> 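Let me give you the structure first, and then I'll get to my questions.
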Amino acid sequence: MNEQTSNETTSFIEQIFPNVDWGQMWEATYETLYMTALSTVFTFIFGLVIGLLLFLTAPHNLWANRIVHFLTGAFVNIFRSIPFIILIILLIPFTKLIFGSIRGANAALPALIIGAAPFYARMVLIALREIDKGVIEAAKSMGAKTSTIIWKVLIPESRPALISGITVTSVALVGYTAMAGVIGAGGLGHLAFLYGFQRNRPDVTLVATIIILFIVFFIQWLGDTISAKVDKR
Amino acid sequence: MISIKELRKEFTVEDKKIVAVDDVTLDIKRGEIFGVIGYSGAGKSTFIRLLNGLEQPTSGEVFINGKRFSHMKGESLRQARQKVSMIFQHFNLLWSRTVEENIAFPLEIAGVSKEERYDRVQNLIELVGLQGREKAYPSQLSGGQKQRVGIARALANEPDVLLGDEATSALDPETTDAILDLLVDINERLGITIVLITHEMHVIQKICHRVAVMEAGRIVEMGKVLDVFQNPQQSVTKRFVSQLTGVKDTLPTLEMLFDNYPSGSLIQLTFVGKKTEEPILTELIRNFQVSASVVHGHINETKDGPYGTLIVHIDGAESQIHEALQFLQSIDVKAEVLSNE
Ligand SMILES: Nc1ncnc2c1ncn2[C@@H]1O[C@H](COP(=O)(O)OP(=O)(O)O)[C@@H](O)[C@H]1O
Ligand SMILES: [Mg+2]
């Protein structure tokens with residue numbers, strides 16, 4: 001694109017979205033991406049750990065333990081059931097304690113992760129249950145340690161499901177960041193609510209929505225692509 | 001090599017006690033191919049899982065290579081398992097790994113260095129005849145090829161014993177034979193003791209030296225394959241043997257035959273070894289005043305020579321039939337007069 005057409009495009013966009021402050025919009029987009037990326041990474045880690053714990057402590061499994069299994073299951077079910085918006089409110093004191101404030105992108109992270117990790121843990125459990133028992137048994141018969149079974153059997157063999165699970169979770173997290181935005185976490189949801197809704201500038205809301213859609217589509221595409229690539233079944 | 005003493009395994013399912021393995025005592029020699037045959041639910045899988053500690057016995061003991069396998073735990077059990085490997089009915093390969101990565105897996109477990117792993121995997125691939133398929137994923141292989149990977153993987157840590165749980169049951173007859181040939185080859189070349197569990201008499205007949213027949217958790221009959229074939233004692237064993245001779249399949253015709261031949265006798269002859277090739281019937285007709293016609297015939301190749309069954313109709317004077325039978329007994333052919341009761 002040469003400079004002239006680029007300028008023309010810009011002015012055209014300014015015409016149909018008169019109220020959009022693009023600097024502010026990109027800033028918000030960055031915040032949304034930041035919150036989504038970071039919370040996805042932590043949700044993946046915590047969800048995987050909790051999911052593995054749930055799986056391994058189940059009856060007849062490698063770490064079969066009724067008490068740990070029950071407690072982990074209860075934790076997952078409780079936090080999975082609390083509506084996200086209520087979770088944010090419940091976590092305000094905790095967030096204040098860590099970050100000293102409940103505003104800004106970082107302050108949204110605890111709620112995002114605690115809200116999404118149990119959700120993902122459940123999907124991890126389902127993915128692990130799908131693994132052929134015979135393969136785990138084969139690894140045992142070769143003299144594999146539990147840690148070897150986790151790293152070299154459970155995780156690799158459930159990879160496609162683990163990836164499609166984190167994709168769904170990450171898409172949900174984009175939605176959660178928007179909700180977190182309403183209570184002041186920043187990002188596109190915050191922008192749409194504060195400027196688009198409260199100040200009645202629908203073009204801002206529209207642009208924020210379009211960007212969120214792009215983010216969601218991108219995440220879904222990325223997840224589907226990776227999941228298909230690692231699936232050798 | 002493998003010494004099993006008064007082995008017993010109980011399961012409790014909903015307060016009901018199931019005895020899956022009931023007081024099994026037997027010894028398996030070094031370098032032997034030992035078969036265990038039984039119908040579904042007989043306790044075969046439980047038995048073989050007790051051998052490598054995947055299941056702990058309720059009572060009794062398993063010694064392999066002088067090591068007390070039963071009741072072993074933790075690191076020592078894991079170490080010991082590397083020398084007692086297993087192949088499975090459904091192969092149990094990691095679909096996320098290629099052929100060579102699957103074969104390398106037990107070597108990774110054993111802590112073998114990367115360079116050595118590579119060399120050993122190449123040798124194993126050659127041994128099982130999978131050259132050119134190293135980079136393939138299990139989903140791209142046929143059943144027979146998958147089992148070859150399973151066998152290569154099982155041999156990776158140079159085990160003393162190879163256990164097979166229905167290792168050919170998911171394969172078609174031709175592939176089954178190819179895999180069985182491979183197992184014999186491995187047994188002869190590497191001297192590995194092989195224990196095979198199966199419900200197919202064909203497997204026992206083709207490669208086993210000795211066989212144990214299992215029913216309801218117990219070993220009801222055991223011995224050299226040919227002896228057991230020739231002289232089955234228990235009704236389960238007889239049923240398995242008839243799986244091969246096909247006598248059962250011809251029973252309706254047999255009944256018809258009794259109608260067709262109201263006189264004379266229908267005799268089932270069981271030949272072992274060389275005698276199958278000798279012209280016994282010719283001799284029979286020549287030396288005795290009888291007529292003989294073949295009603296049904298079947299010959300199986302076993303590891304210790306051919307084994308055959310023949311049903312013949314012999315007619316003539318009572319005394320001549322009697323003498324003919326005695327002649328057959330004298331040359332070590334088992335003759336059984338069939339009756340239609
Ligand atoms: N883990 C288990 N829990 C309870 N019962 C079992 C278990 N494994 C096997 N059994 C029971 O033990 C008996 C023998 O089973 P199995 O060893 O699988 O026989 P086979 O391999 O000869 O078909 C069956 O009645 C089966 O239901
Ligand atoms: Mg079985």
Side-chain angles (χ1 to χ4, degrees), chain A residues 44 48 51-52 55-56 58-66 123-124 126-167 223-233, chain B residues 11 13 45 48-49 51-55 72 74-99 101-111 135-141 149-150 153-157 159 161-166 170:
Chain A
F44 179 74
L48 191 60
L52 277 166
F55 178 74
L56 292 168
H60 306 298
N61 230 321
L62 289 157
W63 290 342
N65 184 319
R66 284 169 82 164
M123 283 194 262
V124 171
I126 292 166
L128 295 173
R129 277 190 191 148
E130 290 286 300
I131 298 173
D132 184 0
K133 294 274 168 298
V135 177
I136 300 170
E137 176 139 318
K140 274 201 238 169
S141 81
M142 291 176 221
K145 287 197 257 282
T146 304
S147 61
T148 309
I149 293 177
I150 293 172
W151 288 107
K152 299 200 168 187
V153 179
L154 296 183
I155 294 176
E157 291 285 297
S158 59
R159 238 165 16 189
L162 292 181
I163 291 166
S164 52
I166 198 64
T167 307
D224 289 348
T225 307
I226 299 174
S227 177
K229 204 173 152 61
V230 299
D231 195 348
K232 307 289 185 190
R233 277 173 293 193
Chain B
F11 291 110
V13 180
S45 294
I48 207 165
R49 291 160 54 81
L51 296 189
N52 66 352
L54 281 175
E55 213 74 77
M72 221 188 250
E75 189 54 32
S76 55
L77 177 60
R78 286 196 292 272
Q79 291 286 340
R81 274 178 181 163
Q82 292 174 11
K83 293 293 173 193
V84 182
S85 55
M86 199 165 188
I87 52 176
F88 305 87
Q89 179 174 7
H90 299 294
F91 325 119
N92 297 353
L93 304 176
L94 291 136
W95 61 255
S96 58
R97 287 178 170 232
T98 61
V99 166
E101 288 165 351
N102 263 292
I103 300 172
F105 186 38
L107 297 169
E108 291 170 25
I109 291 171
K135 308 279 185 227
Y137 285 92
S139 62
Q140 300 165 316
L141 301 177
V149 178
R153 180 176 73 173
L155 296 176
N157 282 320
V161 179
L162 181 64
L163 307 174
D165 189 354
E166 303 274 7

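Keep in mind that what you see is a predicted model, and the values were worked out from it rather than measured.
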> Look at atom CZ of A/Arg66 and say whether more than 12 heavy atoms of other residues, nucleotides or ligands are closer to it than 6.0 Å.
no
> Name the member of B/Arg49, B/Gln89, B/His90 that forms the most heavy-atom pairs with chain A at distances under 4.5 Å.
B/Arg49
> Among B/Ala156, B/Pro106, B/Ala154, single out the residue with the greatest number of heavy-atom pairs under 4.5 Å to chain A.
B/Pro106
> Could you tabulate the donor-acceptor pairs under 3.5 Å formed by side-chain atoms of residues 77-84 of chain B, not counting sequence neighbours?
unit_1	atom_1	unit_2	atom_2	d
B/Arg78	NE	B/Glu75	OE1	3.4
B/Arg78	NH2	B/Glu75	OE1	2.9
B/Gln79	NE2	B/Glu75	OE2	2.9
B/Arg81	NE	B/Asn52	O	3.0
B/Arg81	NH1	A/Lys140	O	3.2
B/Arg81	NH2	B/Gly53	O	2.7
B/Lys83	NZ	B/Asn157	O	2.9
B/Lys83	NZ	B/Glu158	O	3.2

> Applying side chain to side chain contact (heavy atoms under 4.5 Å, CB included), name anything that partners A/Ala144, two or more places apart in sequence or on another chain.
A/Ala139, A/Thr148, A/Ile149, B/Ile109
> With a 4.5 angstrom heavy-atom cut-off, is it the side chain or the backbone of B/Leu54 that approaches chain A, or both, or neither?
side chain
> Go through the steps to decide whether B/Trp95 and A/Asp132 satisfy the test side chain to side chain contact (heavy atoms under 4.5 Å, CB included), and finish with yes or no.
CA-CA 10 Å; B/Trp95 61 255; A/Asp132 184 0; over 6 Å; no
> Quick one: are B/Asn102 and B/Pro138 in side-chain contact, heavy atoms under 4.5 Å?
yes
> At a 4.5 Å cut-off on heavy atoms, which part of A/Val230 comes close to chain B: side chain, backbone, both, or neither?
backbone
> Less than 4.5 Å to any heavy atom of chain B: does that hold for the side chain of A/Lys133, its backbone, both, or neither?
neither
